[in-house]
Every structure is written in C-alpha cells, then in structure tokens.
Amino acid sequence: MFLFKPSTDNSDTYDPAKATSKYNAVKDAVWKSGEKVPFLALAKTFAAIEEHSGRLKSIEIMSNYFCSVMHLSPDDLVKSVYMCLNKVCPDYENIELGIGPGILHKALAESTGKTLAQVKKDIASLGDIGLYAEKSKSNQKLLVKPKPLTVSAVFDAFKTIAMMTGNQVQSKKVDKIKSLITSSSPIESRFIMRSLAGKMRIGLGEKSLLQALTQAYLIFKDESNAKLVGSDKFKEKLAKKSLLLQTAYCECPNYDKIIPTLMEHGLENLSKFCFLTPGIPLKPMLAHPTKGVQDVLERLEGAKFTCEYKYDGERAQIHLNDDKDTYIYSRNQENNTEKYPDIVKLIHEIVSPNVTNFILDCEAVAFDVSTKQILPFQVLSTRKRKNVDESEITVRVCLFAFDLLYLNSESLVTKDLSERRELLRQSFNEVEGKFMLATSKDLSDVDAIQEFLEESIKSKCEGLMIKTLHDDATYEIAKRSRKWLKLKKDYLEGVGDTLDLVPIGAYLGKGKRTGVYGGFLLACYDEESEEFQSICKIGTGFTDEDLSSLSASLKESLVAKPKSYFLFDDSLNPDVWFEPSQVWEVKCADLSISPVHRAGVGLLDDTKGISLRFPRFIKLREDKKPEDATTASQVVDMYRNQESVKSGDGGAEAAGTAGSKEDENDYY
Ligand code: ATP
C-alpha cells in the first residue's frame with residue numbers, strides 16, 4: 001500500500017500542448033527560475049505528445065517544454081533530453097535502461113501489496129506496465145503528500161539503477177524502483193515504469209527531437225519567433241538551423257557535450273566545439289543499392305571511381321586517441337571494444353611510427369588463418385560479445401580497412417577519397433590475415449567491373465562497393481550517399497536487395513508452431529513521418545530455434561494496442577502488437593502495389609502502399625535499431641527499380657497480403 005499522497009502542487013496544471021504562439025515559456029511553466037524542473041512537467045509533456053497526433057504537433061509540445069527549461073533551469077536540459085530518448089548516456093557508453101520484467105514486477109508487487117502472480121496477470125491483461133502502475137497508484141488510499149519528484153532526481157535514479165552491479169544487485173534495484181514508485185503521482189509512475197522497462201517510445205524520433213530543440217532555442221533567443229511557428233519562413237529557417245545541430249550530433253553524438261555548448265556558444269558556433277574526436281564514434285557513411293554494372297555507370301555519370309570488395313562481416317570504426325587507448329565501435333555507435341581484444345592488441349602493430357591518433361573505417365570479417373579464406377558472417381556472429389578473453393578466441397578476424405576519417409589531430413572527412421586512401425596506405429602496414437586494405441581496382445570499363453564483381457564473389461565477398469575518387473568524394477557522415485554504391489551478388493541473381501524490417505505484430509502459431517508465434521507483421525520506417533508502415537506478413541525462413549528465441553524476446557516488447565505511429569490496415573488484425581525493438585533482414589521475390597499494406601503510402605499512390613511478395617526471414621540484425629530499418633523511400637526506390645516496373649507493366653498488384661500459402665494457412 002502507498003503511504004503518501006502524491007503531489008498536488010500546481011505542476012498538475014501544466015499544459016505544454018498550447019499553441020507555441022500562445023505559450024509563454026516563463027509564465028506557463030509551473031516552476032520558477034533556478035528551481036529544478038518538476039518531473040510532473042515532463043510526464044505531462046510525454047502524455048500530451050501521446051494524446052495528440054502528428055509529428056509537427058509533437059515537435060511543438062516538446063519545444064514548448066524545452067523552451068521553458070532553457071529559460072528557467074538550463075542545467076536540467078541534458079537530463080530532459082536523455083529522458084525523452086529513454087537513455088542515460090551516449091549509446092557508446094553501453095549503459096542501457098531496459099530493466100528486466102522480473103525486477104519491475106517485484107518492485108510493483110512490493111509497492112502495491114499484491115502477489116507477484118497477480119501483478120503479472122494484471123500487467124498481461126492491460127498490456128502496458130506503465131498503465132498498470134498508473135492505475136494502481138490512482139487506486140491507492142493516500143495519506144501524506146510526498147516531496148515532488150524532479151527530472152534531475154528521476155534521471156539520477158535511472159542512471160544509478162542502470163549501472164548497479166555486484167552483490168544483491170536485484171534487491172538493490174527493486175528497492176530503488178520502489179522508492180521512485182512511492183514518490184510518484186499516477187501519471188509520473190506511468191512514464192517511470194515505461195522508461196525503466198525500456199519502452200518509452202513516445203513517437204518522437206531523434207530527428208524530431210533535434211528539431212524541437214532547435215525550435216525551442218530559436219524562440220528562447222528571440223521570442224518573436226514564437227508567432228512565426230508554422231509559417232513557411234519559419235519552416236525554412238528551422239530546417240537550416242536544425243541542420244547545424246544535426247551535423248554536430250552526427251560528428252559528436254554526445255548530448256553531455258552538445259547541449260552545454262549550444263547554451264553557451266549558440267547554434268552557429270557548435271561546429272567550433274563539437275567535432276570529430278578520437279574516442280567518440282561518428283555516424284557512418286552508408287551506400288545506395290544498384291541494379292547492375294550499367295546502373296552504376298549511369299549513376300556516376302563519367303566520374304572517376306574505385307571498386308572495392310564488399311566484405312560480409314561487421315562494420316568496425318576504430319579509434320586511437322592521444323593516450324593510445326583503442327576503441328572499436330559498431331555501425332550503430334555501440335562500443336564493441338570488449339568484443340575484440342585481439343584487434344585492440346593488433347592496432348599497435350599496424351600503425352606507422354608517425355601516427356599519433358586516428359579514426360579508421362573497416363569491416364571485421366571472420367577469417368580462417370590456415371586456409372587464408374574469408375568465412376561467412378554467420379561464423380563471426382558466434383563470437384562472444386562481452387568480457388572476451390583473448391586466449392579463448394576461436395573465431396579469428398581479419399580487418400579490411402577502406403577509409404581513414406581522422407589522422408594526427410586532423411579531420412579528413414572533407415578531403416576526397418583519393419587523398420584519404422593515400423593517407424590510409426601511408427599510415428598503416430598490412431599484416432596478412434589480420435589487417436589488410438580492402439582489395440580495390442580503379443575501373444571504368446563494364447566488362448572489367450563485371451569480372452571484378454565475379455572475382456569478389458569467388459573470394460567470399462558480397463559484391464562490390466563503388467565509390468567516387470575525386471568528384472563529390474568527401475566522407476558524408478551519417479548519409480546514405482549516392483557517391484557510394486553497393487553492387488551485391490543478390491542483385492545478380494535477380495532477387496533484389498534484402499530489406500531490414502521491424503516486427504510490429506504477430507499471429508499465434510498453429511500446428512507445429514503452437515506455443516510460439518507462427519507469423520509476424522513487418523513494417524518499414526518512414527523517416528519523414530517517423531511512422532512504422534506495414535509491408536508484409538511473414539512466416540517463412542525461420543528455423544524452429546529462430547521462432548522460439550524470437551517469440552521469447554518479442555514477448556518482452558508486447559503492448560496492449562498498436563502504437564499511434566503504426567500505419568496498417570485493420571484487416572491485418574494480428575493477435576498481438578509489439579513496441580518496435582528488433583530489426584530483421586528479409587529477402588523477397590519482388591515488390592508490388594498493395595491495397596492492404598502501407599509502406600511508402602503517398603509516395604506512389606495516395607492510399608495504396610507497397611508490399612513484399614514471398615518474404616523470407618534471413619537473420620536478426622543485431623547492429624540495427626528500429627529507426628535504422630529500410631525506409632519508406634528506399635522501398636519505393638526498390639519498387640521503381642524492378643525490371644517489371646521499369647518496362648512499364650507496373651508490377652503485379654498483390655491480392656491481399658503477400659505471403660506464401662504455406663505461411664498463411666498452416667502455421668498461423
Ligand atoms: P546499410 O548499412 O547500407 O544500411 P546494411 O547494413 O544492410 O545496409 P550493406 O547493405 O551490407 O549493409 O552495405 C553496407 C555495409 O557494407 C557497410 O556498413 C559496411 O559494414 C560493409 N562494407 C563491406 N565492405 C565495405 C567497403 N569496402 N566499403 C564500405 N563498406 C563496406
């Protein structure tokens with residue numbers, strides 16, 4: 001039973017959903033200058049975003065809140081931003097909230113005086129741990145008013161919980177969570193429990209968050225901007241200015257550094273303080289798929305380019321700082337240093353004596369030292385991820401380096417690839433089977449490229465990466481650049497590129513799939529609207545082990561109803577819905593216009609989207625987050641690139657949901 005009466009201070013009247021033109025960042029805030037921001041103000045901001053639909057309205061609500069924080073309590077801005085993202089630190093510090101359900105259920109049971117079994121049952125029937133906590137708190141008899149929670153105190157508690165290790169860690173976490181529940185009001189407990197469970201997605205992606213921050217900053221600096229929000233003039237200004245913040249974030253994805261810099265030196269000066277730094281991962285440059293050699297030549301329009309083997313391993317961004325510390329980051333800026341003690345050791349062998357620090361872009365590939373052969377990605381994925389002891393390593397890796405982004409305290413990203421490659425060659429020494437430069441040839445002739453492509457496949461690579469050498473050949477951080485093209489062997493087989501999709505729902509299994517999910521509803525991600533749009537049902541390509549492990553892990557992401565940012569047709573009607581949490585690589589026969597699915601809706605047709613025909617599960621993409629899934633515009637590009645569409649027959653219109661007969665009838 002709760003002993004305290006929740007706060008009834010005036011934070012309860014906070015309304016961040018007011019139109020910005022009418023919102024007074026100082027008077028409408030419910031706390032005073034210099035005070036800590038009450039957590040209730042942030043909880044009410046999250047609730048308002050959840051209640052209102054539309055990306056622009058979400059940005060407006062968030063920006064109202066941020067603007068008040070900038071005026072009154074700027075020291076709480078970083079913590080507010082982390083809370084919006086359900087993070088406690090930059091990704092590369094590898095500290096995640098996402099507390100397991102066991103601990104959360106126990107804390108709730110002990111706080112409410114109910115049995116564990118009852119709590120679990122009630123949460124399962126509500127489908128949302130946050131709503132359960134809120135409901136329980138509303139039903140409690142309240143005796144005393146607790147001290148209001150602040151954003152800062154909740155954030156600090158989250159960080160402490162996320163970092164707890166050692167003896168009796170479970171009971172220590174339970175105690176800390178109980179004390180948060182005790183001090184919270186119903187609405188606060190909704191968001192506290194969702195955050196702790198790692199399910200705080202409010203439908204405001206990082207891109208929108210950066211826009212909301214920029215909007216708030218522009219109004220904070222010049223109040224008259226508030227009246228302009230929504231006008232074309234302001235939209236243009238916002239797009240330009242938020243690019244400054246985005247660029248700083250791509251080069252230096254660390255809010256602890258960016259936000260104080262923004263407040264102290266302003267948007268225009270961010271680039272002077274937040275730039276590439278060895279030790280801080282940057283968002284990598286990505287490539288566009290192509291349909292064949294001819295397509296490559298057409299796209300590059302006479303520019304000189306190089307063709308490199310496209311290795312099938314794991315992207316490794318390797319940093320060496322002045323203190324000679326080595327860091328290895330994934331495609332997603334996760335810190336993989338612990339996974340590769342062998343690479344850490346190797347680095348000192350391969351650098352030339354004049355090199356003091358660097359950032360290197362490589363692919364780490366499983367390698368058979370005896371046959372000197374590249375091994376498939378599946379072999380690499382069996383390597384342990386944490387606490388790897390070098391003496392236990394059985395899967396050897398070879399690093400294939402393809403770019404150099406920083407050298408001896410100088411950023412190289414604005415130099416052409418030809419120059420960066422030259423510096424790469426001068427600064428590192430190859431060690432056979434351990435560190436090699438990506439095999440490359442500077443070609444221009446169709447037949448020679450075709451031959452090199454076949455050679456790459458014989459050498460166990462996925463195909464070629466084709467990159468401009470001089471024209472428009474800078475390293476474009478965080479961009480899927482048209483100056484980097486990928487030509488995979490899959491395209492040659494006429495199957496098309498694979499897609500990376502997010503399971504948003506599932507169908508209960510039948511027959512031999514009883515007890516696990518038998519089929520899933522997949523979605524792509526629309527970067528513009530920040531929505532997940534349904535693209536197909538899938539039931540093929542899974543082994544029994546895949547189904548049981550995926551079903552078990554997805555159960556942790558169950559939600560009671562589809563999220564407001566899902567786009568789908570009611571006829572799809574899955575048995576359960578998920579919070580976006582995983583990315584699956586999927587292959588398909590082709591793409592077609594669908595009356596049911598919504599991928600890319602509005603881009604080709606006002607009401608119809610695109611669906612996949614005969615989708616097949618390939619693997620879980622552990623290195624991608626839901627927002628890194630294939631985007632709606634990529635899906636449209638893939639649809640348009642199909643030979644059938646190009647030749648004018650428009651592609652088959654799928655009847656209903658695309659999927660094999662076997663999937664639909666037998667197992668779900
Ligand atoms: P994307 O990264 O484009 O979203 P993806 O993760 O599915 O897609 P791929 O389609 O396989 O990856 O292509 C890009 C990846 O190829 C790079 O992120 C990198 O890990 C890998 N790669 C292998 N060889 C090279 C190379 N020579 N140059 C650049 N990248 C390479």
Side-chain angles (χ1 to χ4, degrees), residues 281-291 296 305-318 328-334 336 360-367 374 376-378 380-381 397-405 417 420-421 424 435-443 452-453 455-457 459-469 473 475-491 495-502 524-525 527 583-587 618-635 637-638:
L282 60 141
K283 301 216 164 199
M285 180 164 172
L286 302 170
H288 263 282
T290 55
K291 275 295 290 175
V296 168
F305 55 82
T306 187
C307 303
E308 292 171 354
Y309 279 8
K310 182 177 188 313
Y311 298 93
D312 189 12
E314 176 173 41
R315 195 151 184 173
Q317 197 182 87
I318 302 184
I328 301 157
Y329 295 110
S330 72
R331 178 193 184 285
N332 237 352
Q333 300 86 59
E334 270 157 0
N336 269 345
L360 191 63
D361 213 351
C362 307
E363 189 84 349
V365 183
F367 200 79
I374 286 175
F377 172 80
Q378 283 69 15
L380 183 71
S381 65
V397 293
C398 179
L399 280 181
F400 289 93
F402 51 81
D403 219 319
L404 184 61
L405 318 180
L417 175 59
R420 301 200 304 275
R421 194 171 65 170
L424 172 64
F435 178 84
M436 324 269 279
L437 301 177
T439 302
S440 69
K441 277 188 184 167
D442 302 350
L443 303 169
F452 194 47
L453 173 61
E455 212 178 278
S456 78
I457 290 160
S459 307
K460 311 273 188 258
C461 289
E462 278 190 302
L464 297 179
M465 294 289 287
I466 294 140
K467 305 174 179 177
T468 51
L469 279 167
Y475 189 92
E476 296 184 54
I477 299 170
K479 291 222 179 83
R480 191 171 293 286
S481 168
R482 302 219 170 241
K483 303 300 167 191
W484 270 27
L485 302 175
K486 45 187 178 185
L487 185 55
K488 289 199 208 173
K489 67 174 176 227
D490 284 347
Y491 312 154
V495 190
D497 196 5
T498 54
L499 291 95
D500 296 319
L501 303 171
V502 178
C524 66
Y525 182 63
E527 280 182 312
V583 179
W584 295 357
E585 186 172 348
V586 169
K587 223 175 203 181
I618 306 289
K619 66 172 187 276
L620 178 70
R621 287 288 309 249
E622 294 192 61
D623 60 339
K624 284 199 168 186
K625 293 184 187 152
E627 286 79 5
D628 298 318
T630 301
T631 62
S633 59
Q634 285 177 286
V635 171
D637 276 352
M638 288 173 89

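Order of listing sets the numbers, starting from 1, for every ligand and every atom in it.
- Counting only non-hydrogen atoms, the option in E462, K310, E308 that gets closest to atom 9 (P) of ligand 1 is K310.
- Counting non-hydrogen atoms of neighbouring residues, nucleotides and ligands closer than 6.0 angstrom, the NZ atom of K460 reaches no more than 12 such neighbours.
- Within the 4.0 Å heavy-atom shell around ligand 1 one does not find H288.
- Checked by atom type and distance alone, the side chain of Q333 pairs as donor or acceptor with a backbone atom of R331 at under 3.5 Å.
- For ligand 1, the atoms sitting less than 4.0 Å from at least one non-hydrogen atom of R480 are 1 (P), 3 (O), 4 (O), numbered in the order shown with element in parentheses.
- Annotation for ligand 1: atoms under 4.0 Å from non-hydrogen atoms of Y309 are 24 (N), 26 (C), 27 (N).
- At most 12 non-hydrogen atoms from other residues, nucleotides or ligands lie less than 6.0 angstrom from NZ of K479.
- Taking 4.0 Å as the cut-off between side-chain N and carboxylate O, D442 and R421 count as a salt-bridged pair.
- In this structure, S481 contributes its side chain and K483 its backbone to a donor-acceptor pair below 3.5 Å.
- Residue contacts with ligand 1 do not include F400, since none of its heavy atoms lies under 4.0 Å from the ligand.
- Residue contacts with ligand 1: W484 is placed with no nitrogen or oxygen under 3.5 Å of a nitrogen or oxygen of the ligand (distance criterion only).
- Taking every heavy atom of L286 and a limit of under 4.0 angstrom, the matching atoms of ligand 1 come to 2 (O).
- For ligand 1 and K488, the ligand atoms under 4.0 Å from any heavy atom of the residue are 9 (P), 10 (O), 11 (O).
- Ring pair Y309/F452: centre-to-centre distance below 6.0 Å.
- Residue contacts with ligand 1 for D361 are absent, since no atom lies close enough (heavy atoms, distance under 4.0 Å).
- In this structure, R315 does not pair ionically with E363, as no charged nitrogen and carboxylate oxygen lie closer than 4.0 Å.
- The closest approach between a heavy atom of E585 and any atom of ligand 1 is not below 4.0 Å.
- Ring geometry for W484 versus F402: interplanar angle over 60°, hence perpendicular rather than tilted (30 to 60°).
- Applying the 4.0 Å criterion to heavy atoms of D500 picks out, from ligand 1, the atoms 7 (O).
- A donor atom on one side chain and an acceptor atom on the other are found under 3.5 Å apart for Y311 and T439.
- Taking only non-hydrogen atoms, the option from K486, M285, E314 nearest to atom 12 (O) of ligand 1 is K486.
- Of all atoms in ligand 1, numbered sequentially from 1 with element shown, those under 4.0 Å from a heavy atom of R621 are 5 (P), 6 (O), 7 (O).
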